[in-house]
Amino acid sequence: MSDDSPTPEPGNLRFLRLLVTVLTGTMIAGLLVLIALLVIRFPSATPPLPDTITLPDGARAQAFTATAGWYAVITTDDRILIYNRTDGQLRQDITVQMD
């Protein structure tokens, strides 16, 4: 007669299975915490950019960049125009010197 009852699992294999399960749960919890921290830490709102930007006469925009407090327009005549982000006023006009 054959005995079809399963053999008991060794103790160290049961311990290893428990460790893998705990590690999986810890990794999932850590990933959820990281995602939550990223969502919380992103800046919520910055002042909106204007629909139009008035450039000085003869200036044509070539590039644009923005930060939380200002935005800049680089023109084709090698100038950098820095505008205040809250009211859109021209803050600084920098002429780039080419050597």
Side-chain angles (χ1 to χ4, degrees):
M1 241 186 181
S2 68
D3 187 13
D4 289 336
S5 64
T7 58
E9 195 174 64
N12 56 357
L13 185 59
R14 201 171 323 128
F15 179 68
L16 182 61
R17 181 174 293 154
L18 176 67
L19 282 178
V20 169
T21 304
V22 169
L23 178 62
T24 302
T26 303
M27 287 175 53
I28 290 171
L31 183 63
L32 292 176
V33 166
L34 282 175
I35 291 171
L37 286 175
L38 284 174
V39 169
I40 291 170
R41 295 293 297 169
F42 275 134
S44 58
T46 57
L49 293 174
D51 293 331
T52 60
I53 299 171
T54 304
L55 298 176
D57 290 336
R60 287 189 33 206
Q62 181 175 1
F64 174 85
T65 189
T67 68
W70 54 268
Y71 57 89
V73 177
I74 294 88
T75 62
T76 56
D77 58 352
D78 296 326
R79 290 191 299 168
I80 303 171
L81 307 172
I82 300 175
Y83 292 88
N84 191 354
R85 187 150 186 176
T86 54
D87 60 7
Q89 296 297 316
L90 182 62
R91 189 189 280 182
Q92 196 171 5
D93 184 347
I94 303 168
T95 302
V96 179
Q97 300 295 325
M98 301 300 288
D99 290 333

Using a 3.5 Å distance criterion without hydrogens, assess whether the side chain of R14 forms a donor-acceptor pair with backbone atoms of E9. yes
In Å and rounded to the nearest 0.5 Å, what is the CG to CD distance from N84 to Q89? 8.0 Å
Single-linkage hydrophobic cluster L18~M27, side-chain heavy atoms < 4.5 angstrom: no
Atom CG in L81, atom CD in Q92: separation rounded to 0.5 Å? 10.0 Å
Tell me whether the rings of F64 and Y71 are parallel (<30°), tilted (30 to 60°) or perpendicular (>60°). tilted
Can you check side chain to side chain contact (heavy atoms under 4.5 Å, CB included) on T54 and Y83, steps first, answer last? CA-CA 10 Å; T54 304; Y83 292 88; 5.9 Å; no
CD1-CD1 distance between I74 and I82, expressed to the nearest 0.5 angstrom: 8.5 Å
Rounded to the nearest 0.5 Å, what separates atom OG1 in T21 from atom CG in L16? 9.0 Å
Please assess T75 against Q62 for the test side chain to side chain contact (heavy atoms under 4.5 Å, CB included), listing each intermediate value before the final yes or no. CA-CA 5 Å; T75 62; Q62 181 175 1; 5.9 Å; no
Working note: I28 + T24, criterion side chain to side chain contact (heavy atoms under 4.5 Å, CB included); need CA distance, chi angles, decisive distance, verdict. CA-CA 6 Å; I28 290 171; T24 302; 4.0 Å; yes
All heavy atoms of R85 vs all of A66, minimum pair found to be NH1-CB, 3.9 Å
On a heavy-atom basis, the closest approach of V73 and A61 is CG1-CB, 3.7 Å
